[in-house]
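Here is the structure we will look at.
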Amino acid sequence: MKRIGVGVFALAALASAAALVWLASAVVFALTAYPTITWWESSSYSLAAATLGITPPPGSLLLTLVGWGITRIPTGLPPARVLNLLAGALAATTVAVVFAVALRLLRQTGDGANTRGTHVSAWAAAGPALGALTFAFSTTLWQYAVQFTPYVLTSVFTGLLLWTLLRWWESANDPQSWRWLLLLGLLFGLDYSVHRTNALLLPGALAWILIRQPRTLGSARAWIAGAGGLLAGLALQLLILPLAARHPALNIGDPSTWSRFYDYESLAQFGGGFLVQFYPRHAALWSVQAMDLIRAFGANFFWLSGRWGILGPLPALLGALGGLGIWRRDRRLGVAFAVLFLLQAGRTVAYFHIPAHYLRSLDSHYLPVFVTWGVLVCCGAGEIAARLRALSRPGSWHAAQWASALLLVVPLSQLAHNWRAHDEAHRTFAQDCAANLLHGLPSRAILFTWGDNETFPLMYLQAVAHVRPDVQIVNVSLTNAPWYVDALTRKDPSFPVPPGYADSHGPQAWTDTTVVIPVPNSPPQVGSPKDLTLRGGEVLPGPLVVGAAADFGLPENLTLPHSVAVHVAPRMPGKYIFLEDLVLLQILEDNDWQRPLCFSTTGGTPGLPGLAPYARLDGLFWRVVPYADPPASRAILHRNLLQ
């Protein structure tokens, strides 16, 4: 009876340790989280979650569903803030799962002091807990724990996959062990609806099974269980079809039909074939691609910079000690874990074969590899804590407290080293930039953008915060895709589409052409502060003064020409132009100067080269006006940039 009571106490203490690990991580992530959207994926995934939309492929349906449910809870906080806090909670869950996997490894092999390996005591959890916090405050996990993206949910699945593999290992000789393979397949299938990166763990999982129980791969029941779980998890992805058919604000690829659904899943927009391409390499395999993973690993676990640089190699040392300890006490398990880690890392390098000098880091895609190493860090910390307990004299200060005091320096050094880089609590630049751009636009403007960093924040503000719904946003790059133009015409049937566009594919043959656009003597008013008042009492900026030239912000004494000439030259080896050029040209011809045409400054000189002479810088955008080399307006610039 006494033994049962001790066991219950130990179990409760371990659960409490896991809860404390989660809480400590979640608090740090919440304190440093972005208050709103930020660049790259944050704004698109936040928009999708708030509106139940479709993100760019490969997509993250499961994250969208979870985020949508969270934003339905009345918290009084902006949706983006709630979603960023959710990211921190998911990252903290990753840390807790890593801690749980490490404890099972210690139970399986012994923690260094208990050579029989029958259980891990409650006090023995102190070392792995500090190892888990060391991983929690590593730079890559922290970077994505403060913004809403799929990467932290991917890391949760990595931890769950490792935990399931370990549970199967423990019961491999049990006739019912196929149930763990069923769960393993289900997790792989569900992860496909997150970011697919964990698919790179499949070869390691097969090697893990082969090392532990080779005959499992010849078992029909095992294959049926694994395949059945995988198909059940993959079936979730079919929800994309009805969600896309709703035509939400964000509906990338419009995968509402089976053909478009396949194109979406196979990433046809980016080259197709599910992007499984190993040869030819985009850069040197070792000196560029493998070294990029090694660089990211060093930034997380073997850094030397800053005032804490002397402690920077400790996380890598703990991981090495953890792996060595597992191998020393259970050779087969140690070999299996090493093979799994090496195959996971190697497959990651082979699949994400980045070009040299790539425009952005791929550290987010390396996060599953770091989760696996994080388990070893926990085991290494547990190894050291166990040794310190064994060396402590009877009756001295509790051994676990000594171990904790000595090991605490490792997560604290990570925390101190990375806090400043990842404290985003006061950074609102992405939303501010988008809001400033929208507020400065003339009434009912058509705004042309190019990239995701300038497009998705604007769409988020329009769809979620209801800022300037009168503005029509047109991403020039996406007008090369028929599904995008279909979405524009569905939203606005008057949207001009070039003749034969639906049957056009790729660049179009073109010769030098000069298009003449008539200029009305007195263009119609397109709105004034009295005409349009939006939700919250927001007033749109209207024309500064009344008059033909003044309607475009030009000096009153200027006389507009009867027409403007736009020279459209071929852009591809002297013979072709893009579909986007045809769409822009059609808009220019059909618009008849009734709606202001504006171009985000992030695209450089606006659109077609022939428009550059008629572009005036009005702040964060260029506005096309019917006057060559228009003078800048100090009043407009002052209003849009300073007010």
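The first residue in the sequence is number 1, and the count goes up from there.
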Notebook entry, point to check: Tell me, do Leu250 and Phe456 make a side-chain contact under 4.5 Å, heavy atoms counted?
Noted result: yes

Next item on the list: Any chance you could lay out the side chain to side chain donor-acceptor pair (under 3.5 Å) test for Thr55 and Ser44, step after step, and finish with the verdict?
Entry: CA-CA 6 Å; Thr55 60; Ser44 62; over 6 Å; no

Checklist line | Rounded distance [0.5 Å steps], CH2 in Trp68 versus CG in Leu65 | finding: 8.5 Å

Next item on the list: Carefully, step by step, assess Leu554 and Arg616 under the rule side chain to side chain contact (heavy atoms under 4.5 Å, CB included).
Entry: CA-CA 10 Å; Leu554 295 168; Arg616 184 188 64 221; 3.6 Å; yes

Next item on the list: Apply side chain to side chain contact (heavy atoms under 4.5 Å, CB included) to Leu236 and Tyr192, showing your working.
Entry: CA-CA 9 Å; Leu236 177 67; Tyr192 186 85; over 6 Å; no

Item checked: Pro596 to Arg444 - nearest heavy-atom pair and separation -> CD-O, 3.9 Å

Notebook entry, point to check: Is it true that a side-chain atom of Asp363 and a backbone atom of Ala296 form a donor plus acceptor pair closer than 3.5 Å?
Noted result: no

Next item on the list: Find out whether Arg468 and Leu441 are in side-chain contact, i.e. whether some heavy atom of one side chain is under 4.5 Å from a heavy atom of the other.
Entry: yes

Item checked: Check: Gly619 main-chain N/O paired with Asn640 side-chain donor or acceptor under 3.5 Å -> no

Checklist line | Asn591 side-chain N/O to Arg595 backbone N/O, donor-acceptor pair under 3.5 Å | finding: yes

Margin query: Within the structure provided, determine whether Thr514 and Val568 are in side-chain contact (heavy-atom separation under 4.5 Å).
Written below: no

Check: Does Ser42 use its side chain to pair, donor to acceptor, with the backbone of Trp39 at less than 3.5 Å?
Finding: no

Next item on the list: Using atom types as modelled and distance alone, determine if a side-chain donor or acceptor of Ser633 lies under 3.5 Å from a backbone N or O of Ile636.
Entry: yes

Notebook entry, point to check: If only atom types and distance count, is the side chain of Asn84 paired as donor or acceptor with the main-chain N or O of Ile37 below 3.5 Å?
Noted result: no

Notebook entry, point to check: Which residues satisfy the side chain to side chain donor-acceptor pair (under 3.5 Å) test with Asn251, sequence neighbours excluded?
Noted result: Asp254

Margin query: Quick one: does any side-chain atom of Asn480 pair with a main-chain N or O of Glu580 as donor and acceptor, under 3.5 Å?
Written below: yes

Margin query: Distance check, rounded to the nearest 0.5 Å: Phe29 atom CZ versus Trp142 atom CH2?
Written below: 7.5 Å

Notebook entry, point to check: Is it the case that Asn300 and Thr140 place a side-chain donor and acceptor less than 3.5 Å from each other?
Noted result: yes

Note to self: Could you check whether any side-chain heavy atom of Thr38 comes within less than 4.5 Å of a side-chain heavy atom of Val146, counting everything from C-beta outward?
What the structure shows: no

Notebook entry, point to check: Considering all heavy atoms of both residues, which atom of Pro631 and which atom of Pro555 are nearest to each other, and what is their separation?
Noted result: CG-CD, 4.1 Å

Notebook entry, point to check: At what distance, to the nearest 0.5 angstrom, does CD of Gln462 lie from CG of Leu447?
Noted result: 9.0 Å

Check: What's the spacing between Leu90 CG and Leu85 CG if we round to 0.5 Å?
Finding: 11.0 Å

Margin query: Run the side chain to side chain donor-acceptor pair (under 3.5 Å) test against His422 and tell me which residues pass, sequence neighbours left out.
Written below: Thr139

Checklist line | Donor-acceptor pair, side chain of Asn475 and main chain of Ser477, under 3.5 angstrom | finding: yes

Next item on the list: Please test Ser600 against Glu454 for side chain to side chain donor-acceptor pair (under 3.5 Å), starting from the C-alpha separation and ending with a verdict.
Entry: CA-CA 8 Å; Ser600 170; Glu454 64 195 292; 3.0 Å; yes

Notebook entry, point to check: Got Cys598 and Trp622 here, is their nearest side-chain heavy-atom distance under 4.5 Å?
Noted result: no

Margin query: Walk me through whether Leu200 and Phe352 qualify under side chain to side chain contact (heavy atoms under 4.5 Å, CB included).
Written below: CA-CA 10 Å; Leu200 302 174; Phe352 295 109; 3.7 Å; yes

Next item on the list: Could you tell me which non-hydrogen atom of Ser43 sits nearest to which non-hydrogen atom of Pro457, and how far apart they are?
Entry: OG-CD, 3.5 Å

Item checked: Minimum heavy-atom distance Tyr264-Pro255, with the two atoms named -> CB-CB, 3.9 Å

Next item on the list: Search all heavy atoms of Thr479 against all heavy atoms of Val474 and return the closest pair with its distance.
Entry: CG2-CG1, 3.8 Å

Check: Will you find, in the side chains of Ser193 and Gln237, an N or O donor that is under 3.5 Å from an N or O acceptor?
Finding: yes

Checklist line | Residue pair Pro442 / Arg623: nearest heavy atoms and the distance that separates them | finding: CG-NH1, 3.7 Å

Check: Step by step, would you call Asp292 with Tyr366 a side chain to side chain donor-acceptor pair (under 3.5 Å)?
Finding: CA-CA 10 Å; Asp292 190 62; Tyr366 302 148; 2.6 Å; yes

Notebook entry, point to check: Do we get Arg427 above Phe429's six-membered ring, with its NZ or CZ under 6.0 Å from the centre and within 45° of the axis?
Noted result: no

Next item on the list: Determine yes or no for a side-chain-to-main-chain donor-acceptor pair under 3.5 angstrom, with Thr601 supplying the side chain and Leu620 the backbone.
Entry: yes

Check: How many angstroms lie between OH in Tyr614 and CG in Leu588, if you round to the nearest 0.5 Å?
Finding: 10.0 Å

Checklist line | Within-4.5 Å side-chain heavy-atom neighbours: Tyr151 and Gln143 | finding: no

Checklist line | Heavy-atom side-chain proximity of Pro79 to Ser46 below 4.5 angstrom | finding: no

Check: Distance-only, no hydrogens or angles: does the Asp581 side chain make a donor-acceptor pair with backbone N or O of Ile577 under 3.5 Å?
Finding: no

Next item on the list: Measure from the ring center of Tyr45 to the ring center of Phe148 and say whether it is less than 6.0 Å.
Entry: no

Next item on the list: Mind running side chain to side chain contact (heavy atoms under 4.5 Å, CB included) on Leu560 and Phe552 for me, showing each step along the way?
Entry: CA-CA 10 Å; Leu560 298 181; Phe552 298 98; 3.9 Å; yes

Notebook entry, point to check: So does Glu265 pair up with Arg260, basic N to acidic O under 4.0 Å?
Noted result: no

Margin query: A side-chain contact here means heavy atoms from C-beta on lying under 4.5 Å apart; do Val564 and Tyr627 qualify?
Written below: no

Margin query: Is it true that, when you exclude Tyr484 itself, more than 12 heavy atoms of the residues, nucleotides or ligands shown sit nearer than 6.0 Å to its OH?
Written below: yes

Notebook entry, point to check: Quick one: CG on Leu62 to OG1 on Thr154, what's the gap to the nearest 0.5 Å?
Noted result: 9.5 Å

Item checked: Residue that, paired with Tyr460, satisfies side chain to side chain contact (heavy atoms under 4.5 Å, CB included) out of Val467, Leu47, Thr51 -> Leu47

Checklist line | Residues that Ser364 engages under side chain to side chain donor-acceptor pair (under 3.5 Å), provided they are two or more places apart | finding: none

